[in-house]
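Note sheet for the following structure.
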Amino acid sequence: IKLEDSKQNANKLIKVTIDPGAIQPESALPEDWYRKAVMYHVYVRTFKDSNNDGHGDIRGLINKLDYLKDLGIGGIMLLPIMESWDREHGYSIVDFRDIEDEYGSLEDIDELLHEAHRRGIGVLMDITPNCTSAAHWLYQAAIQNEDSPFRNYYRLVKEKPFEHKFWRPEERIDGFRWGKGPNNVDLNFRNEGVQQFVLDYIIFWLNRGVDGFRFDSAFALVENGKNWISQPETHEIFRFFRSCLDLYENRFATGEVKGLYEGLNYLGDGTNEFHSAWTFGLQEKILGPISNLSLIHISEPTRQEAIS
């Protein structure tokens with residue numbers, strides 16, 4: 001990964017680009033496999049234990065691929081499997097290029113991808129681009145001293161610029177850090193180093209053969225003062241990430257968005273942002289009539305071209 005010329009890109013948030021020579025674009029799956037695939041969400045820890053140590057693992061998932069294939073599953077979406085601080089169901093990540101020891105090894109991931117692809121099943125990973133664990137080496141380096149080259153990788157302040165529950169005390173800097181979870185710290189996407197850091201591990205997994213991602217808390221990448229939900233710069237970032245995925249064959253991207261109708265905005269023009277949106281609450285609108293829930297009628301016009 002290399003930085004673009006800063007003058008050429010002076011008015012853009014994104015300051016990084018991909019060296020085409022760094023990618024391995026091939027896919028073992030048919031074109032547009034995700035359009036007809038039934039996705040199966042897997043929490044590896046509770047799925048299948050292959051060695052009787054009390055929790056699930058990647059090898060256990062491999063052993064159940066035929067079962068999933070028989071069910072008609074065309075894609076599996078893994079809740080976070082990267083090495084974590086064992087907080088928040090794996091979302092407090094300490095190493096974005098490795099997996100939990102309890103789950104197995106990177107070699108097990110390679111075998112999972114090979115065996116899943118052999119059965120025509122895609123594999124998606126859940127990642128957290130907007131934050132790292134407070135135990136991540138990058139954050140630990142950022143708070144060592146005020147002159148740390150990583151200090152501006154996070155939102156760290158001496159005095160809170162405004163009151164909000166996400167400003168959490170950080171005694172080690174005698175100030176505050178911005179984080180939406182008690183164990184995580186939000187990255188500062190205005191920093192070129194952060195953009196490069198996140199892009200680097202996205203490329204790492206794509207080159208390994210992962211078929212796409214679910215971007216957790218996608219709506220919260222960039223803050224403008226008190227405003228932090230679905231800012232224009234956040235869409236710019238995901239348009240860039242989509243352009244990176246499109247350098248690869250048959251990759252898929254979805255992301256968690258906030259608000260019942262907001263998901264349509266994350267589809268862009270249908271080709272330049274997410275392939276689909278992950279909207280919590282929509283399931284109630286779909287299943288409500290079946291379960292006789294009292295629901296608010298959907299009256300806002302939808303963009304037919306975006307969902308057709």
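Throughout, numbering of the chain's residues begins at 1 and tracks the sequence. All heavy atoms count here, side chains included; hydrogens, waters and symmetry mates do not.
- Aromatic ring orientation, F219 versus W228: tilted (interplanar angle from 30° to 60°).
- In this model, a donor atom of one side chain and an acceptor atom of the other lie less than 3.5 Å apart for S276 and T254.
- A donor atom on one side chain and an acceptor atom on the other are not found under 3.5 Å apart for E273 and N265.
- For the residue pair D95/H136, the side-chain donor-acceptor check at 3.5 Å is not satisfied.
- For the residue pair E31/N250, the side-chain donor-acceptor check at 3.5 Å is not satisfied.
- The one candidate from Y34, F274, F213 that meets the ring pair (Phe, Tyr, Trp, His ring centres under 6.0 Å) condition with F252 is Y34.
- Ion pairing between D66 and K69 fails under the 4.0 Å rule for side-chain N and carboxylate O.
- R242 and H275 form a side-chain donor-acceptor contact under 3.5 Å, judged by distance and modelled atom types alone.
- Using a 4.5 Å heavy-atom threshold, the side chains of I127 and D216 count as separate.
- Of the possible donor and acceptor atoms, none in the side chain of R172 sits under 3.5 Å from a partner among the backbone N and O of I143.
- Interatomic distance, CH2 of W178 versus CG of N188, reported as 12.5 Å (0.5 Å rounding).
- Side-chain contact between F189 and Q231 is absent, with no heavy atoms from C-beta onward closer than 4.5 Å.
- Residues satisfying the salt bridge (charged side-chain N to carboxylate O under 4.0 Å, His left out) criterion with K158, sequence neighbours excluded, are E146.
- Under a 4.0 Å N-O distance rule, the pair E115/R118 qualifies as a salt bridge.
- To the nearest 0.5 Å, atoms CZ (F241) and CD (E236) are separated by 11.0 Å.
- With 3.5 Å as the limit, one finds no donor-acceptor pair spanning the side chains of Y153 and T132.
- For R251 against V210, the heavy-atom pair with the smallest separation is NE-O, 2.9 Å.
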query: Given L106 and D108, is the side chain to side chain contact (heavy atoms under 4.5 Å, CB included) satisfied, shown in steps?
result: CA-CA 5 Å; L106 289 176; D108 291 329; over 6 Å; no
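- With Y201 as the partner, the ring pair (Phe, Tyr, Trp, His ring centres under 6.0 Å) test is satisfied by one option alone out of F204, W205, F197: F197.
- Under the 6.0 Å cut-off for aromatic ring centres, F47 and Y43 do not qualify, their centroids lying 6.0 Å or more apart.
- Side-chain contact check for Y91 and D126: at least one donor-acceptor pair (N or O, by modelled atom type) lies under 3.5 Å.
- There is a side-chain donor-acceptor pair under 3.5 Å between H55 and D53.
- Remark: the S92 side chain and the N184 side chain contain an N/O donor-acceptor pair separated by less than 3.5 Å.
- The line from CG of D57 to CD1 of I62 is 9.0 Å long, rounded to the nearest 0.5 Å.
- A centroid separation of 6.0 Å or more is found between the aromatic rings of W278 and Y266.
- If you run side-chain contact (heavy atoms from CB on, under 4.5 Å) between F96 and each of T128, D200, L138, I202, only T128 comes through.
- The CD1 atom of I18 sits 6.5 Å away from the OG atom of S243 when rounded to the nearest 0.5 Å.
- Partner of I81 under the side-chain contact (heavy atoms from CB on, under 4.5 Å) criterion, out of R45, M125, E100, E102: M125 alone.
- Taking every heavy atom of both residues into account, A253 and L245 meet most closely at CB-CD2, 3.6 Å.
- When ring centroids are compared, H164 and F166 come within the 6.0 Å threshold.
- With hydrogens and angles left out, the side-chain atoms of N130 and S217 include no donor and acceptor closer than 3.5 Å.
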message: Would E233 and N224 count as a side chain to side chain contact (heavy atoms under 4.5 Å, CB included) here? Give the steps.
response: CA-CA 9 Å; E233 296 89 342; N224 287 305; 3.1 Å; yes
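- Between the side chains of E83 and Y103, no donor-acceptor pair of N or O atoms lies under 3.5 Å.
- With hydrogens and angles ignored, the 3.5 Å screen pairs a side-chain donor or acceptor of D49 with a backbone N or O of N52.
- Side chain of Q195 to main chain of L13: a donor-acceptor pair is present (N/O by atom type, distance under 3.5 Å, no hydrogens or angles).
- Side-chain polar atoms of Y248 and D211 form no donor-acceptor pair below 3.5 angstrom.
- The two residues L29 and G122 come nearest to each other via the heavy atoms CD1-CA, 3.5 Å.
- Judged by a 6.0 Å distance limit and a 45° cone about the ring axis, R177 is not positioned over the six-membered ring of W167.
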